[in-house]
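Each remark here refers to the structure printed beneath this line.
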Amino acid sequence: MRTTAELEERLARPSAGLVDDLGKLNGDILILGAGGKLGPSLVRLALNAGRAAGSERRVIAVSRFSEPGLAEALAAEGVTVVPADVADERALRDLPDAENVVFLVGAKFGTQGREHTTWFTNAYLPGRVADRFRGSRIAALSTGNVYPLVPVTGGGSTEDSPEGPVGEYAMSCLGRERVLTHFSETHGTPMSLIRLNYAVELRYGVLVDLAQRILAGEPVDLVTGQVNVVWQGYANEVTLRSLALASTPPYVLNVTGPETISVRQAALALGAALGREPVFTGEEAPTALLSNAGRCHRLFDYPELTPAELIEHTARWVADGGPLLGKPTKFERRDGRF
């Protein structure tokens with residue numbers, strides 16, 4: 001993966017399992033929040049999987065489309081593009097119906113000082129969407145941040161572990177899950193909730209954050225010394241395949257890689273690939289935000305790209321000056337303030 005076109009193709013390359021699963025679903029797929037950092041690749045993945053299955057279903061992408069040219073590019077590829085702000089009641093009401101809905105809308109960064117907006121986006125708006133699409137099947141993106149920090153030697157939180165969100169963002173995301181569960185049970189709407197952390201591709205993610213710091217000679221903070229990462233293409237695939245798992249109450253699924261990654265070791269590997277010696281600060285804490293995605297891997301196998309491969313690809317991309325999204329994960333924050 002040397003170019004943006006090659007990266008986009010890899011992100012949108014469907015597996016046989018995804019083609020088979022989507023081939024069994026009836027109706028169109030409506031993707032809300034299609035202009036975000038993972039939306040375009042998920043839209044293209046859904047489109048390619050449908051075509052591979054011989055389906056004539058529409059993939060409908062809904063977003064404000066603030067990125068210039070994105071709406072036009074998706075439309076040229078065969079996506080049904082609907083520019084709309086789903087926070088507007090009239091726009092939400094006027095959206096086309098679809099049997100399958102993927103809900104990607106959320107707010108994380110800028111939470112501090114704008115907590116009211118975060119709660120509106122992450123907890124109130126999902127309820128409005130769930131009410132509007134009460135007759136659909138819904139897969140909704142959530143986050144592993146609904147869990148507390150856990151011992152790094154414990155294997156991570158499972159779907160049956162108690163929630164314990166840290167900070168306003170994480171609390172609002174648990175609020176999203178509670179509100180969606182209410183509407184699922186009230187209307188009998190089948191749903192799946194995807195607790196994702198941390199998705200990576202070559203333009204953003206934990207590995208990009210580390211690579212940039214190493215190249216800039218900035219210290220890598222080791223206090224949050226362990227993380228989970230997962231290839232964005234795999235996360236997109238699981239999100240789409242989870243439509244087939246949707247149930248009432250919602251089916252909850254952790255989505256991340258099978259490994260617990262040492263930040264120190266990842267930085268050293270990135271530094272070796274970049275020809276730079278990382279500078280470290282702090283000492284590893286005994287706890288971190290970690291998820292156990294064993295249920296996901298039993299259902300959908302392991303991600304196609306390993307951490308070693310992701311490190312290699314990321315180092316080459318960053319060293320070559322590949323385009324970046326400029327959206328740091330702030331994975332090292334332990335107080336929930338993003």
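Checking side-chain atoms of Asn228 against main-chain N and O of Ile261 turns up no donor-acceptor pair under 3.5 Å. Under the 3.5 Å distance criterion, the side-chain polar atoms of Ser184 are left unmatched by any main-chain donor or acceptor of Thr181. With Arg295 contributing its side chain and Val252 its backbone, the two residues share a donor-acceptor pair below 3.5 Å.
You'll find the side chain of Asn236 stays beyond 4.5 Å of the side chain of Leu240, heavy atoms only. Residues Leu174 and Glu177 have side chains in contact (heavy-atom distance under 4.5 Å, counting atoms from C-beta outward). Under the 4.5 Å side-chain criterion, counting only non-hydrogen atoms from C-beta, Leu22 is in contact with Arg57. For the pair Glu237/Glu304, no side-chain contact is recorded, criterion being any heavy-atom separation below 4.5 Å from C-beta on.
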Quiz item: Step by step, would you call Glu201 with His313 a side-chain contact (heavy atoms from CB on, under 4.5 Å)?
Solution: CA-CA 9 Å; Glu201 50 123 302; His313 287 302; over 6 Å; no
Practice problem: I would like to know whether Arg10 and Leu305 meet side-chain contact (heavy atoms from CB on, under 4.5 Å); could you show each step before the answer? | Solution: CA-CA 11 Å; Arg10 186 66 175 271; Leu305 292 178; 3.3 Å; yes
Self-check item: side-chain contact (heavy atoms from CB on, under 4.5 Å) assessment of Phe133 paired with Leu92
Solution: CA-CA 10 Å; Phe133 293 102; Leu92 179 61; 4.2 Å; yes
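If you chain together hydrophobic residues whose side chains sit under 4.5 Å apart, Leu32 and Leu74 never meet in one group. Residues Leu104 and Leu70 share a single hydrophobic cluster, defined by chaining ILVMFWY side chains whose heavy atoms lie under 4.5 Å apart. Under a hydrophobic clustering in which Ile, Leu, Val, Met, Phe, Trp and Tyr are joined whenever their side-chain heavy atoms come within less than 4.5 Å, directly or via other members, Val150 and Val263 fall into different clusters. With hydrophobic clusters built from ILVMFWY side chains whose heavy atoms lie under 4.5 angstrom apart, Phe103 does not share a cluster with Val146.
The pair Arg195-Glu159 does not meet the salt-bridge criterion, since no charged nitrogen lies less than 4.0 angstrom from a carboxylate oxygen. Arg93 and Asp131 are not joined by a salt bridge, as no carboxylate oxygen comes within less than 4.0 angstrom of a charged side-chain nitrogen. The pair Glu9-Arg13 meets the salt-bridge criterion, with a side-chain N (NZ, NE, NH1 or NH2) lying under 4.0 Å from an Asp/Glu carboxylate O.
Side-chain contact annotation: Ser41 with Gln232, donor-acceptor N/O pair under 3.5 Å absent. Side chains of Asp209 and Thr329: a donor-acceptor N/O pair is present below 3.5 angstrom, by distance only. Of the N and O atoms on the side chains of Asn197 and Tyr147, not one donor lies less than 3.5 Å from an acceptor on the other residue.
For Thr186, the side chain to side chain contact (heavy atoms under 4.5 Å, CB included) criterion is met by His182, not counting sequence neighbours. With sequence neighbours left out, the side chain to side chain contact (heavy atoms under 4.5 Å, CB included) criterion links Glu283 to Arg264.
Taking all atoms of both residues into account, the shortest heavy-atom contact from Trp317 to Leu202 is CD1-O, 3.1 Å. Between Asn100 and Gly27, the shortest heavy-atom contact is ND2-O, 3.6 Å. Listed here is the closest heavy atom pair of Tyr251 and Leu245: CB-O, 3.5 Å. Nearest heavy-atom pair, Val102 versus Leu243, reported as atom, atom and distance to 0.1 Å: CG2-CD1, 4.2 Å. Scanning both residues, Ser172 and Asn122, for their nearest heavy atoms gives OG-ND2, 3.0 Å. When all heavy atoms of Leu196 and Ala235 are compared, the pair lying nearest together is CD1-CB, 3.8 Å.
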List, one per line, each side-chain donor-acceptor pair under 3.5 Å for residues 212-225, sequence neighbours excluded.
residue, atom, partner, partner atom, Å
Arg213, NH2, Glu332, OE1, 3.4
Arg213, NH2, Glu332, OE2, 3.2
Asp221, OD1, Val223, N, 2.9
Thr224, OG1, Glu332, O, 3.1
Thr224, OG1, Arg334, NH1, 3.4

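Ring geometry for Phe331 against Tyr198 counts as perpendicular: the plane angle is over 60°, on a 0 to 90° scale with 30° as the lower cut.
By the neighbour-count criterion of 12 heavy atoms within 6.0 Å, atom CZ of Arg64 is sparsely surrounded, having that number or fewer from other residues, nucleotides or ligands.
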